[in-house]
Amino acid sequence: KITASNGKKLQKKKEKIRMCGIIGIASNKFVSTNIINSLKKLEYRGYDSAGLATLDNNIIKEKKCSGRVDQLEKILFKSPASGNLGIGHVRWATHGIPNEVNAHPHSSEIVSVVHNGIIENSNELKIQLEKKGKKFKSQTDTEVITILLSDELKNKEPLDAVYDTLKKLKGSFALGIIFKNFNNIIIGARRGSPLAVGYSKNENYLGSDSYALKSMTNKISYLDDGDICVLTKDSVDFYDAKKNKVNKKVLILSDDKNVANKGDYKNFMSKEIFEQPITARNCINEYIDKSRDEINFYNFPIQPKSINKVVLIGCGTAYHSCLVAKYWFEEFTTLNVEADIASEFRYRNLKFNKDNLYLFVSQSGETADTSAALDLCKKNGVKTCSIVNVVESSIARNSDWVLPIHAGPEIGVASTKAFIGQMLLLYMLCLKIAALRNDIDSQDYQKKIKNLKKLPEILEECLRSEDKIQLVARDFLDSKGSMFLGRGCSFPIALEGALKLKELSYLHAEGYPAGEMKHGPLALIENGLPVIVISPNDKYFHKTISNMQEVIARGGKILLITDSNKNVISENVRFTINLPYIEKSLSPFFSTIPLQLLAYHVALLKKCDIDKPRNLAKSVTVE
Ligand code: AGP
C-alpha cells in the first residue's frame with residue numbers, strides 16, 4: 001500500500017473510469033458564455049463539478065465549483081472570466097471527492113489543464129514531486145500533469161513541454177491546456193479518451209465529442225491516439241506521437257440546424273436511410289480509437305466483471321435492436337441476457353439484482369413505457385444505462401450511464417438510422433464488456449473492431465440494392481400480406497422488416513422464426529404470397545434454406561436476402577439480394593438495409609405518407 005511522504009494513505013486507484021467533458025475555445029471574442037453553453041451539452045457525461053479557465057492579458061482566470069454547470073454560471077455572473085481563449089470541464093469524480101478543490105481546471109501560475117481519463121501512475125509521480133517540495137492543492141491525478149508541465153515549461157516551448165510531460169504519464173487522457181505566456185494557443189492531447197477539434201470562422205474548438213461542438217460548428221476532426229493539436233482562433237495544427245505534423249480529415253456532421261432541410265431527398269425517411277453510412281461512421285469515430293483498434297467506453301456504472309446478467313429493454317424498433325443484441329451477448333460473453341418489451345417489463349413481478357445491468361434503448365429518450373421501466377429499475381436501486389439519440393432526453397437524464405448513438409435528429413416516424421445506431425452501440429458495448437471480462441480473446445476482439453470499421457462502406461454497398469428492391473416492391477401491392485423469416489440474429493431483423501412494412505404501407509406483414517413455420521403459419525402460405533427470407537452465411541443457413549423450400553412448395557414467392565455465395569438453386573426465388581460478407585456477427589446491419597428500402601418503396605407505390613404514417617407518432621410519450 002503506497003503512502004504519501006506525509007504518511008497519508010493515498011487513494012487506492014479507483015477501478016471505475018468516469019467520463020468527463022472537455023471544451024476549449026480560441027476566438028476573436030470573449031469565450032466564457034460559449035464554454036458554459038458547451039458544458040451544458042456535456043453534462044450527460046458527468047456533473048459532480050464544473051469549471052473553466054480563460055486567459056486575459058496573460059492572466060489565467062480560473063472559476064470552478066462543485067455541482068452543476070448552472071452553479072458555475074452564477075459564479076460567472078458575479079465575477080466574469082473575460083478573455084478570448086479558454087477551457088472548460090464537467091467532472092464525474094474518479095480521484096478525489098467531487099468538491100471545488102478537485103474540480104477542473106487545475107492551474108498553476110503558468111498553465112491550466114482539463115483532463116478526461118485516468119493517470120495510472122499519478123500516485124508514484126505525486127510522491128516524486130512532493131519529495132521535490134511541490135505542493136498539491138487537490139487529490140486529483142490531473143494536478144500531477146499541471147505540476148509536471150509547469151516544470152517542463154521553464155525551459156521549453158509549449159509543444160515540447162507537453163510532449164515531454166506526456167512521456168511520463170501512464171494511462172488514458174484527453175487534455176485541454178492553456179498557457180499564461182502564450183495567449184493565442186490551446187493544446188489538446190489524446191491517449192485513449194476521445195477528443196475532437198471543431199472549425200469555424202475566427203474561432204476553433206476542442207471538445208470531448210462532436211455533441212459538445214455541434215452547437216458551434218458542423219466541421220470537425222477527431223484526434224487519434226498519441227495525437228497532439230495546437231489550436232488558435234485561425235489555425236489548427238496536428239502532430240502525431242512522434243511529433244510529425246499530420247493532416248486530419250475534416251468531417252461534416254449532419255447539421256442539426258438545417259434539420260428541417262431534406263436536401264435533394266423527397267422525404268426525411270429516404271434522407272435518413274441514405275445517411276446511415278455517415279451516421280454509422282460518426283458513431284464509430286466517437287467510440288473507436290482507430291489507431292489502437294480499441295473501443296472507448298468510460299464511467300461504467302458497474303464493474304463489468306461483477307455483472308452477472310444484462311437486461312435489454314425497449315419498444316418497437318428499439319426492442320428489435322435489444323433482441324439482436326441478446327444474440328451478441330449470448331455469443332460473445334458468459335453473461336445471462338434477457339430482452340424485454342418495455343410495456344411488458346414494467347408490469348412483470350420482477351426479481352431485481354444489484355449485479356444486473358439494465359440497458360434502455362430509445363431513439364427519442366421519451367417513450368413512456370421505456371421511461372416507466374427505467375423508473376421501476378431506479379426505485380429498485382439497480383444500475384441503468386440508456387442508449388439514446390437525444391442526449392437531453394428524460395431517459396438519458398435518469399440513467400446512471402448514457403451512451404448517445406450520435407445519429408443526428410431522426411424526423412421520419414419510421415426509425416431507420418437510429419436502429420442502425422442502436423445496434424452499433426449495443427455491438428460495441430457487448431464487445432467491450434466481453435473484452436473487459438476476458439470472455440473473448442484480444443485477437444478476436446481486435447479483429448471484430450477492424451471489421452466493424454468497414455461498416456460504413458459496406459452499408460453504402462447495401463444501399464445499392466435499391467433498384468432490385470424497387471422491382472420486388474410491386475409484388476406486395478395486391479398481396480393479402482407477407483411473411484418475413486429468419487433464424488438467430490436474423491429473426492429480430494425479420495420482425496423489424498415486417499414492422500417497417502406495416503407502419504409505412506399499412507399492409508399486413510408478419511415476422512417469424514423460420515423454424516416455427518411448421519407450427520402453424522405455413523397454413524398462411526398460398527400461391528404468390530410474398531415471403532422474405534433472411535439467410536446470411538451463418539450456422540442457420542441450410543436450415544433456413546430448407547424452410548424456404550417448404551414455403552416455395554406451397555406457392556410462396558421468395559425474396560431471399562443473403563450474404564452467402566453458396567448457390568441457392570431454386571426457380572421460384574423471385575429475387576436474391578446478395579449482400580457483402582465481412583463476418584457473421586455483422587449480418588443484422590446489412591440485411592436491415594434492403595428491408596428498409598422495401599418498406600419505403602411499397603409505401604411510395606401506395607402513395608402513403610412516408611414521414612408521417614397514419615395513426616403513429618415519432619415518440620410515444622403516453623402509455
Ligand atoms: C419504429 O419505426 C417506430 N417508429 C417505433 O416502433 C419506435 O421504434 C418505438 O416507438 C420506440 O421509440 P423510441 O426508440 O423513441 O423509444
Side-chain angles (χ1 to χ4, degrees), residues 267-273 275-276 279 283 312-325 339-346 358-375 377 384-399 402-426 484 492-507 509-511 588 592-593 595-600 602-603 608-623:
N267 43 57
F268 282 106
M269 184 180 175
S270 55
K271 174 171 177 266
E272 287 151 11
I273 287 176
E275 242 174 10
Q276 291 177 117
T279 50
C283 186
L312 299 129
I313 299 135
C315 296
T317 289
Y319 168 63
H320 295 156
S321 69
C322 295
L323 276 179
V324 175
D340 208 346
I341 290 172
S343 54
E344 291 298 309
F345 177 88
R346 61 182 290 193
Y358 294 82
L359 295 174
F360 296 86
V361 182
S362 174
Q363 189 285 131
S364 62
E366 299 299 344
T367 298
D369 285 320
T370 311
S371 197
L374 171 59
D375 290 346
C377 289
T384 60
C385 165
S386 60
I387 290 171
V388 298
N389 195 28
V390 181
V391 175
E392 303 95 346
S393 61
S394 37
I395 287 173
R397 281 199 311 275
N398 295 336
S399 304
V402 182
L403 294 174
I405 64 172
H406 296 293
E410 185 176 69
I411 311 301
V413 165
S415 190
T416 49
K417 64 177 182 174
F419 179 58
I420 292 291
Q422 288 159 359
M423 288 201 289
L424 180 50
L425 242 301
L426 286 164
F484 290 71
I493 302 303
L495 293 176
E496 174 59 13
L499 175 64
K500 284 281 140 332
L501 190 62
K502 275 182 275 206
E503 63 178 330
L504 283 157
S505 68
Y506 320 146
L507 291 172
E510 184 125 31
T592 297
I593 302 299
L595 301 183
Q596 292 173 341
L597 292 168
L598 177 66
Y600 173 74
V602 175
C608 297
D609 184 332
I610 298 290
D611 287 333
K612 293 188 179 60
R614 69 184 183 195
N615 312 337
L616 301 179
K618 182 58 188 169
S619 175
V620 184
T621 53
V622 293
E623 270 205 68

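Residue indices begin at 1 and follow the sequence shown. In each ligand, atom 1 is the first atom listed, and ligand 1 is the first ligand listed.
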Considering only non-hydrogen protein atoms, determine which one is nearest to atom 2 (O) of ligand 1 and report residue, atom name and distance to 0.1 Å.
-> Glu503 OE2, 2.5 Å
Between the main-chain N or O of Arg614 and the side-chain N or O of Tyr506, is there a donor-acceptor pair closer than 3.5 Å?
-> yes
Any side-chain heavy atom of Leu499 within less than 4.5 Å of one from Thr317?
-> yes
Indicate whether any N or O donor in one side chain lies under 3.5 Å from an N or O acceptor in the other, for Ser415 and Glu410.
-> yes
Indicate yes or no: does an N/O atom of Thr370 lie under 3.5 Å from an N/O atom of ligand 1?
-> no
Top protein contact for atom 10 (O) of ligand 1, by heavy-atom distance | Val620 CG2, 4.0 Å
Which heavy atom of Ala325 sits nearest a heavy atom of Leu312, and at what distance?
-> CB-CD2, 4.0 Å
Step by step, would you call Ile411 with Lys271 a side-chain contact (heavy atoms from CB on, under 4.5 Å)?
-> CA-CA 10 Å; Ile411 311 301; Lys271 174 171 177 266; over 6 Å; no
Contact atoms of ligand 1, heavy-atom distance to Gly316 under 4.0 Å | 6 (O)
Which atoms of ligand 1 are found less than 4.0 Å from any heavy atom of Lys500?
-> 1 (C), 2 (O)
Just by distance, do the side chain of Asp369 and the backbone of Ala342 share a donor-acceptor pair under 3.5 Å?
-> no
Based purely on interatomic distance, does Val413 place a nitrogen or oxygen under 3.5 Å from a nitrogen or oxygen of ligand 1?
-> yes
With heavy atoms of Ala318 as the reference, note each atom of ligand 1 found under 4.0 Å away.
-> 8 (O), 14 (O)
Tyr319 side, atom OH; Ser343 side, atom OG - distance, nearest 0.5 Å | 10.0 Å
Taking only heavy atoms of Gln363, which atoms of ligand 1 are found under 4.0 Å from at least one of them?
-> 13 (P), 14 (O), 15 (O), 16 (O)
Considering heavy atoms of the protein only, find what lies nearest to atom 15 (O) of ligand 1 and give residue, atom and distance to 0.1 Å.
-> Ser364 OG, 2.7 Å
Looking only at non-hydrogen atoms, which of Cys315, Pro613, Ser362, Ala599 approaches atom 9 (C) of ligand 1 most closely?
-> Cys315
Considering only non-hydrogen protein atoms, determine which one is nearest to atom 13 (P) of ligand 1 and report residue, atom name and distance to 0.1 Å.
-> Thr367 OG1, 3.3 Å
Taking only heavy atoms of Ala414 into account, list the atoms of ligand 1 that are under 4.0 Å away from them.
-> 2 (O)
Could you tell me which atoms of ligand 1, counted from 1 in the order shown, lie closer than 4.0 angstrom to a heavy atom of Ser415?
-> 1 (C), 2 (O)
Contacting atoms of ligand 1, where contact means under 4.0 angstrom from a heavy atom of Thr317 | 1 (C), 2 (O), 6 (O), 8 (O)
Indicate yes or no: at least one non-hydrogen side-chain atom of Asn267 is less than 4.5 angstrom from one of Tyr600.
-> yes
Spacing of Glu272 atom CD and Phe419 atom CZ [to the nearest 0.5 Å] | 15.5 Å
